[in-house]
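All remarks here apply to the structure that follows.
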Amino acid sequence: MALRIAPESHPEKVMSTLNTTHSEYGGHDALRYGTRSIKAEVLSGHPLENRLNQWEETQWELKLNLARQAYGMHAPIKMMMEKSIVEKRQRMPVIPSSNLHLDILMGKDETIDYEDFLNDPAMSTDSIDIHTAMEHKLNLKV
């Protein structure tokens with residue numbers, strides 16, 4: 001249990017090709033580890049980049065730990081359950097949804113991020129057919 005306010009500054013460890021070789025064939029296993037990136041192997045990421053990538057996760061873990069200490073074990077379990085329920089969208093894929101209830105649970109309802117003013121569905125160039133979207137959604141469930 002860590003009451004960490006900011007994520008660790010150590011960059012994520014990039015797996016080298018020696019660690020990602022296939023046991024039988026000997027080459028880089030692209031299906032399990034993705035395509036090989038020489039840039040990622042040579043240049044390590046900036047420490048600030050890792051902090052920014054893990055900022056929300058660290059804040060969520062801090063909120064869960066503080067709730068556990070203040071209210072008991074049931075509070076973080078309830079918060080995680082509410083988050084998992086709210087993250088599942090129940091609308092059809094074409095209908096725009098702001099997902100305001102997830103913003104309230106995560107504490108982002110009092111902040112202004114770029115998604116708030118640059119994520120306008122009316123400005124989108126994507127036009128999706130509702131029937132195609134529903135067929136795609138049903139195919140994912142099967």
**Item:** Distance in Å, Glu82 CD paired with Glu87 CD, rounded so as to fall on 0.5 Å steps
**Value:** 12.0 Å
**Message:** Just to verify, which of Leu62, Thr58, Leu64 counts as forming a side-chain contact (heavy atoms from CB on, under 4.5 Å) with Trp60?
**Reply:** Leu64
**Complete:** Rounded to the nearest 0.5 angstrom, the NZ-CG distance for Lys63 and Leu105 is 8.0 Å
**Asked** Looking only at heavy atoms, what is the nearest atom pair of Ala67 and Ala75, with distance?
**Response** O-CB, 3.9 Å
**Prompt:** Do Glu56 and Lys108 have side-chain heavy atoms sitting under 4.5 Å apart?
**Reply:** yes
**Nearest-0.5 Å distance that lies between atom NZ in Lys78 and atom NZ in Lys83** = 15.5 Å
**Complete:** dist Met79:CE -> Met106:CE (nearest 0.5 Å) comes out at 8.5 Å
**Request:** Take Asp103 and His101 through the test side-chain hydrogen bond (donor to acceptor under 3.5 Å, both in side chains) and record every step on the way to the result.
**Result:** CA-CA 5 Å; Asp103 289 344; His101 40 287; over 6 Å; no
**Request:** Check whether Leu102 and Met80 end up in the same hydrophobic cluster, where Ile, Leu, Val, Met, Phe, Trp and Tyr are linked by side-chain heavy atoms less than 4.5 Å apart.
**Result:** yes
